[in-house]
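In what follows, a structure is listed as structure tokens, so that the remarks can point back to it.
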Protein chains: 2
Amino acid sequence: MPPNKPSTRDTILDAAETVVARDGSRRLTIDAVAAEASVSKGGVLYHFPNKIALLTGMVERMMSEIGDEIARAETRARDAGKPPLVEVFASMFDRSESQNGLSTALLAASAEHPELLDPAREILSTTFQRLAEETPDPVAAHILMLAMDGLKLSVLLDFNHIPDHQFQPIRDRLLSMARELYA
Amino acid sequence: MPPNKPSTRDTILDAAETVVARDGSRRLTIDAVAAEASVSKGGVLYHFPNKIALLTGMVERMMSEIGDEIARAETRARDAGKPPLVEVFASMFDRSESQNGLSTALLAASAEHPELLDPAREILSTTFQRLAEETPDPVAAHILMLAMDGLKLSVLLDFNHIPDHQFQPIRDRLLSMARELYA
DNA sequence: GCACATAAACCGTCCAGACGGTACAGTCAA
DNA sequence: TTGACTGTACCGTCTGGACGGTTTATGTGC
């Protein structure tokens with residue numbers, strides 16, 4: 001099948017992420033999103049009746065993407081008889097390189113309406129909780145997951161205080177530490 | 001000596017952090033800061049001629065606090081013949097509980113003028129780089145530091161997906177892992 | 001000890017522009 | 001015909017910042 005062109009709705013959400021990542025959440029205005037998405041302001045407001053709806057849309061899409069990805073990784077792990085956390089980490093690593101601007105949704109929402117993050121908070125905390133409890137050593141698992149969060153933070157704020165040549169070794173080590181969790 | 005009352009300048013910076021932590025960076029307006037600090041708008045503008053100066057002040061104060069703290073921890077470690085990273089981690093842990101709103105400065109700056117973070121980026125990355133290189137196992141050190149970052153992120157966005165009863169064990173484990181780095 | 005000067009610290013108001021949102025008439029492909 | 005938009009005009013509110021005025025602290029000469 002051809003790479004079917006994304007819906008306008010998704011184009012708008014992409015544009016919103018781009019604006020936040022490039023100019024900061026303060027400049028996430030409806031006008032700016034419209035311009036970035038090559039859509040009229042009325043077009044944006046057609047899909048998202050107000051700005052809260054836009055922010056909600058950003059957070060919801062992000063959450064469903066993360067949820068899908070974790071689910072896929074867990075399925076893959078189960079089918080291959082591999083430890084789930086290792087697969088989850090691997091997929092997160094491989095994405096954080098390409099799609100920097102994913103958690104920009106969190107930034108944008110927290111800037112304007114911090115309470116929009118409440119559902120995300122709950123889902124993420126129970127998910128991570130569960131993933132940790134499934135390992136023989138939940139404490140170590142939590143530490144590794146914190147390290148993943150740290151990586152997210154550094155991408156989010158462009159704090160790449162990890163030199164490029166050490167990225168791969170760190171990735172490998174984190175995965176092997178995850179693997180050892182189950183030993 | 002009496003607990004000499006903080007300068008108006010510091011009061012204003014504190015107020016700015018409070019506003020960001022409570023209402024989101026979008027609501028970090030000069031008026032809001034003035035109200036929170038019980039100072040007039042003109043008063044704020046006396047100390048910080050414009051908003052960029054306010055944001056810069058926030059970032060600079062945060063950076064100097066972090067710098068001082070790391071320096072103190074390193075001195076303490078040297079004097080006691082203990083591993084530096086362990087001391088640095090310990091002090092970060094003990095602060096992150098009390099003063100949640102420290103890295104709110106980063107949030108606020110990234111929301112409005114992402115480039116204000118450039119100096120912070122550089123200092124932090126060289127510092128962490130150095131701390132890691134001083135250990136026998138820089139890769140593992142980086143992972144542990146990422147975990148600290150992750151903790152910061154979860155505090156920053158109020159993502160406390162670490163259950164309270166596991167906070168202490170995680171703290172202890174992280175410190176012991178840091179200690180083992182040098183073994 | 002006191003009048004006075006000077007500057008620092010701070011107040012309150014005003015204004016231009018930006019922003020969110022509304023309204024509505026028109027376009028255009030399916 | 002309908003749904004998915006475009007384009008323009010407009011309104012109320014918020015915000016950064018300029019500005020002029022006022023209080024408070026710090027000398028300084030007498």
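Letters go in sequence order (proteins before strands), and every chain restarts at 1.
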Separation of [N] [atom2] from [X] [atom1] (nearest whole Å):
{"X": "B/Ile30", "N": "C/dG17", "atom1": "CD1", "atom2": "P", "value": "18 Å"}
{"X": "B/Ile52", "N": "D/dT15", "atom1": "CD1", "atom2": "C1'", "value": "14 Å"}
{"X": "A/Tyr46", "N": "C/dA23", "atom1": "OH", "atom2": "C1'", "value": "16 Å"}
{"X": "A/Asn50", "N": "C/dG21", "atom1": "CG", "atom2": "P", "value": "5 Å"}
{"X": "B/Asp31", "N": "C/dT13", "atom1": "CG", "atom2": "C1'", "value": "12 Å"}
{"X": "B/Phe48", "N": "C/dA9", "atom1": "CZ", "atom2": "C1'", "value": "14 Å"}
{"X": "A/Ile12", "N": "D/dT6", "atom1": "CD1", "atom2": "C1'", "value": "13 Å"}
{"X": "A/Arg27", "N": "D/dG16", "atom1": "CZ", "atom2": "P", "value": "12 Å"}

Within residues 44-55 of chain B or reaching into it, pairs that qualify as salt bridge (Lys or Arg N to Asp or Glu O under 4.0 Å) - sequence neighbours excluded:
B/Lys51-B/Glu112

So does B/Asp164 have more than 12 non-hydrogen atoms from other groups sitting under 6.0 Å from CG?
no

Measuring from the side chain of [X] (C-beta onward, heavy atoms only), which nucleotide among [options] has the closest atom?
{"X": "A/Lys51", "options": "D/dG17, C/dG20, C/dA8", "result": "C/dG20"}
{"X": "B/Ser40", "options": "D/dG16, C/dG21, C/dC10", "result": "C/dC10"}
{"X": "B/Lys41", "options": "D/dT6, D/dC5, D/dG17", "result": "D/dG17"}

Sugar-phosphate only, base, or nothing, as touched by B/Val39 at under 4.0 Å among non-hydrogen atoms
sugar-phosphate

State plainly whether the residues B/Arg78 and B/Glu74 are in salt-bridge range, i.e. N to O under 4.0 Å.
no

Are the charged groups of A/Asp118 and A/Arg121 less than 4.0 angstrom apart, N to O?
yes

Presence of B/His47 side-chain N/O under 4.0 Å of C/dC10 phosphate oxygens OP1/OP2
yes

Phosphate-side-chain proximity, A/Thr8 and D/dA4, N/O vs OP1/OP2 below 4.0 Å:
no

By nearest heavy atom, map A/Leu45 and B/Ser38 onto DNA chain C; which one lands nearer the 5' end?
B/Ser38

Exercise: identify the closest heavy-atom pair between B/Ala111 and B/Ser25:
CB-OG, 3.5 Å

